[in-house]
Amino acid sequence: MQHSDNANTVIVLDFETTGLSPTQGDRAIEIGAVLMENGEVVDRFQKLMNPGFRVSSFIESYTGITNNMLRTAAPCDEVMDQFTDFIGDYNLVAHNASFDKRFLDAELDTINRSYGGEFACSMLIARRLYQNAPNHKLGSLVAYKNIDHDGVFHRALADSEMTAKLWLQMLEDMQDQFHIPQPSFTLMQQVSKKTKAAVPTFLHKMATT
DNA sequence: TGCCAGGCCCTCTTTAGGGCCTT
């Protein structure tokens, strides 16, 4: 199961953080993730974590995560150690994955742990698949594709659940619209790296070979 | 914590600039 190329087994994750850049001192304050197998969420992970300093009022209002909530949370190192066990070597999906990968790598560097999976970015794939969407923010794509949600945004587990549903929707559209029987994780990664103009030709080739 | 990133992608491009995404 580890290093699987099966797009049907992935960890979809989302971080809430103190800001935009770990190189500027920002830390994770919440991690949420779902383990998906064959289109079903079979496991979940959600924990707040204490970054060791107060978060800004902007972050408090943006996420709804307050300094009071973080005061009693376990430190980042402890939570990220548990999370590393959760993700194992599964492949990983996130919306704007470069952001979440930077924080995952930074947090794991501090505890000398690593992971064996690769990232795929739902935003880059959606930009190519849904070129008529008004924009490619997670919330906009959820509305655009009429994906069910509970109205919670900018919390780690809620966003990872929505990203997981978007991922499944993209797999489905890959099958229905582009006639690719069983899109692999690697194929999804390949799509995210093609230019928009090259995607239709690439998918046509994948469908007919 | 400190006072703001980084990578993708388009275009009136490549001797560059700016919008989109993530918190």
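Order of the sequence lines sets the chain letters (A, B, ...), proteins ahead of strands, with each chain counted from 1.
- Side-chain proximity of H136(A) to dT23(B), dT22(B), dC21(B): nearest is dC21(B).
- H95(A) has no side-chain polar atom (N or O) that falls below the 4.0 Å cut-off from OP1 or OP2 of dC21(B).
- Comparing L124(A) and F58(A) against DNA chain B, the residue whose closest nucleotide sits nearer the 5' end is L124(A).
- When distances are taken from the side chain of F53(A) to each of dC10(B), dT22(B), dT1(B), the shortest belongs to dT1(B).
- Whole-Å rounding puts the F119(A) CZ to dG6(B) P distance at 18 Å.
- For D26(A), the listed nucleotide lying nearest its side chain is dT1(B); candidates were dT23(B), dG7(B), dT1(B).
- A donor and an acceptor atom, one from each side chain of S21(A) and T23(A), are located under 3.5 Å apart.
- Each of R44(A), H149(A), R155(A) was scored for a side chain to side chain donor-acceptor pair (under 3.5 Å) with E161(A), with one residue passing: R44(A).
- The side chain of S56(A) lies closest to dT1(B) when the candidates are dT1(B), dC21(B), dG7(B).
- Checking side-chain atoms of E30(A) against main-chain N and O of A156(A) turns up a donor-acceptor pair under 3.5 Å.
- For T17(A), the side-chain atoms get nearest to dT23(B) when compared with the rest of dC8(B), dT23(B), dA5(B).
- D14(A) comes within contact range of the sugar-phosphate backbone alone, with a heavy-atom separation under 4.0 Å but no base atom that close.
- Under the 3.5 Å distance criterion, with hydrogens and angles disregarded, a donor-acceptor pair is assigned to the side chains of D105(A) and Y115(A).
- The side chain of D159(A) has dT23(B) as its nearest neighbour among dC8(B), dA5(B), dT23(B).
- Between the CZ atom of F153(A) and the P atom of dT23(B) there is a distance of 12 Å, given to the nearest Å.
- L104(A) has its CG atom 18 Å from the P atom of dT22(B), to the nearest Å.
- With dT1(B), dC21(B), dG7(B) as the choices, the nucleotide that has an atom nearest any side-chain atom of M123(A) turns out to be dC21(B).
- Which of dG7(B), dT22(B), dA5(B) sits closest to the side chain of S21(A) comes down to dA5(B).
- Using a 4.0 Å heavy-atom criterion, one finds that R127(A) contacts the bases of the nucleic acid, with or without backbone contacts as well.
- To the nearest angstrom, P of dT1(B) lies 18 Å from CE of M49(A).
- Using P as the reference atom, dA5(B) and dC12(B) are 28 Å apart when rounded to the nearest Å.
- Residue V12(A) forms a side-chain contact (heavy atoms from CB on, under 4.5 Å) with just one option from V34(A), V41(A), L92(A), and that option is V34(A).
- Comparing dT13(B) with dG18(B), their C1' atoms are spaced 12 Å from each other, to the whole Å.
- No cation-pi contact links K101(A) to F99(A), judged by a cut-off of 6.0 Å to the six-membered ring centre and 45° from its axis.
- Between Y144(A) atom OH and dC21(B) atom P the separation is 13 Å, expressed in whole Å.
- Looking at the side chain of K196(A), the nearest of the listed nucleotides dA5(B), dT23(B), dC10(B) is dC10(B).
- K101(A) has its NZ atom 20 Å from the P atom of dA5(B), to the nearest Å.
- Taking atom P in both dC3(B) and dC20(B), one finds a spacing of 27 Å when rounded to whole Å.
- Comparing the P positions of dT1(B) and dC21(B) gives an interatomic distance of 33 Å, to the nearest angstrom.
- Here T18(A) lies out of heavy-atom contact (under 4.0 Å) with every strand.
- Contact annotation for I29(A): no contact, since no heavy-atom pair falls under 4.0 Å across all strands.
- Not one N or O on the side chain of D14(A) forms a donor-acceptor pair closer than 3.5 Å with the backbone of G32(A).
- Rounded to whole angstrom, the span from the CG atom of L70(A) across to the P atom of dT23(B) amounts to 16 Å.
- Distance K194(A) NZ to dC8(B) P: 15 Å, rounded to the nearest Å.
- Comparing the C1' positions of dT14(B) and dC10(B) gives an interatomic distance of 13 Å, to the nearest angstrom.
- A gap of 23 Å separates the P atoms of dG7(B) and dG2(B), to the nearest Å.
- Position along DNA chain B of the nearest nucleotide to S98(A) versus K193(A) favours S98(A) as the more 5'-ward residue.
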